[in-house]
Amino acid sequence: MSKPKVIVTRRWPDAVENYMKEIFDVQLNIDDVPMNIEQLQEAFRTADAVCPTVSDKISADVMDVDNMRAKIIGNFGVGFNHIDLDAAKAKGLVVTNTPEVLTDCTADLAMTLLLMTARRTGEGERHVRNKEWTGWRPTHMMGTKVTGKKLGLIGFGRIAQAMAHKAHFGFGMKIYFYDPYPPSEEVINRFGATQCDSVEEVLGLVDFVSLHCPGGGSNTNLMNAERLGMMKESAILVNTARGDVVDEPALVEALKSGVIKGAGLDVFANEPQVTEDLLTMDNVVLLPHLGSATTETRNAMGMRVVENLKAFFSGEPPKDRVV
Ligand code: DGY
């Protein structure tokens, strides 16, 4: 039997690419140049499986091809707001993602951003590297204490729960959350977490707000000027979810005018573009979408895609089917 033809849109870790070469007729993207619409359309026309990642826009147009050969989209990433799921469904495509394997690393990075922003470590590092440091003094670069403070989580899925674990057991933080689909009492009690009835309620209560909801739909611009204004003046916003969840111009305004104290951002509305004003502000920490970027996790994400494809092509239901 011939091997399924699989097209991968970007470079994947070597171990995963090598494994794919053994089991599939795979077309890799060794140069790692993003594919354009025509190239993506060609992939849907000519491969059994297309494997995009979170920076590829898989719109209805991309899937609108005659004589489509593709039967499955094996996405490298847990988020799928870059894929038009309705269009995929209409075309009879199965869509899978890569949950679980990136939970801890993404939560670690959210905690990193929280600590970096609170303790001004990006600013401090620039200070040392620029040879501006004149020595220790009692009032130099005072930040915000983290231990024992209140952490508000918007969305309380796997990644938020992993952050709650680190924040509560590691830093003695008190956990507040809002999620329209809350987890079991057992999970809530594990962290002694307080369940709030709305996003707004969380915002007013906590010292740190960390976003863990999906992007797109009604979550676009969830953190708008009005909601930013509900946060404490001393509070810090952390976003490792999706850039569009925060209204970036409103955030710039809130940071400039002291409505909130700081922000730690790993994701942006128009990646890789970052709102110019943010680049000049010392009360923000900016990272290039690094949430899952560890060798262990990226290998595991790739292998998870492979497992989903293997199941699909052997007639089994793929574990991580979203459509
Ligand atoms: C995802 O998987 O959705 C992240 O944003 C990238 O790891």
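On a predicted model such as this, the values are computed, not experimentally measured, just so you know. Along the sequence shown, residues carry numbers from 1. First listed ligand is number 1; within each ligand, the first listed atom is number 1.
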task = Inspect the contact between Glu42 and Arg45 and indicate whether a charged nitrogen and a carboxylate oxygen are less than 4.0 angstrom apart.
result = yes

message = I want to know if ligand 1 touches Ala241 in the polar sense, i.e. an N/O pair below 3.5 angstrom.
response = no

key: Within reach of ligand 1, part of Leu102 (heavy-atom separation under 4.0 Å)   = side chain

request  = Provide, to 0.1 Å, the distance between atom 3 (O) of ligand 1 and the closest protein heavy atom, together with that atom's residue and name.
outcome  = Arg242 NH2, 2.7 Å

inquiry  = Is a donor from one side chain sitting under 3.5 angstrom from an acceptor on the other, for Thr220 and Asp244?
reply    = yes

message = Quick test of your reading of the structure: of Gly77, Ser292, Pro99, whose heavy atom lies closest to atom 6 (C) of ligand 1?
response = Ser292

ask   = Below 4.0 angstrom, N of the basic side chain to O of the carboxylate: do Asp48 and Lys71 qualify?
value = yes

message = Under 4.0 Å from a heavy atom of Val54: which atoms of ligand 1 are those, numbered in the order shown and with their elements?
response = 1 (C), 3 (O)

ask   = Less than 4.0 Å between a side-chain N and a carboxylate O, is that true for Glu316 and Lys310?
value = no

note = Taking only non-hydrogen atoms of Met301 and a 4.0 Å limit, the atoms of ligand 1 in range are 2 (O), 7 (O)

query = What's the shortest distance from atom 1 (C) of ligand 1 to any protein heavy atom, and which residue and atom give it?
reply = Val78 N, 3.5 Å

Pair Asp282 + Arg120, salt bridge at N-O below 4.0 Å = no

ask   = Are Arg10 and Asp56 close enough for a salt bridge, meaning some N to O gap below 4.0 Å?
value = no

inquiry  = Return the closest protein heavy atom for atom 4 (C) of ligand 1 as residue, atom name and distance.
reply    = His289 NE2, 3.7 Å

request  = Check each atom of ligand 1 against the heavy atoms of Gly79 and keep those under 4.0 Å away; list them by number with element.
outcome  = 1 (C), 2 (O), 3 (O)

ask   = Regarding His82 and Asn75, is there a side-chain donor-to-acceptor distance under 3.5 Å anywhere?
value = yes

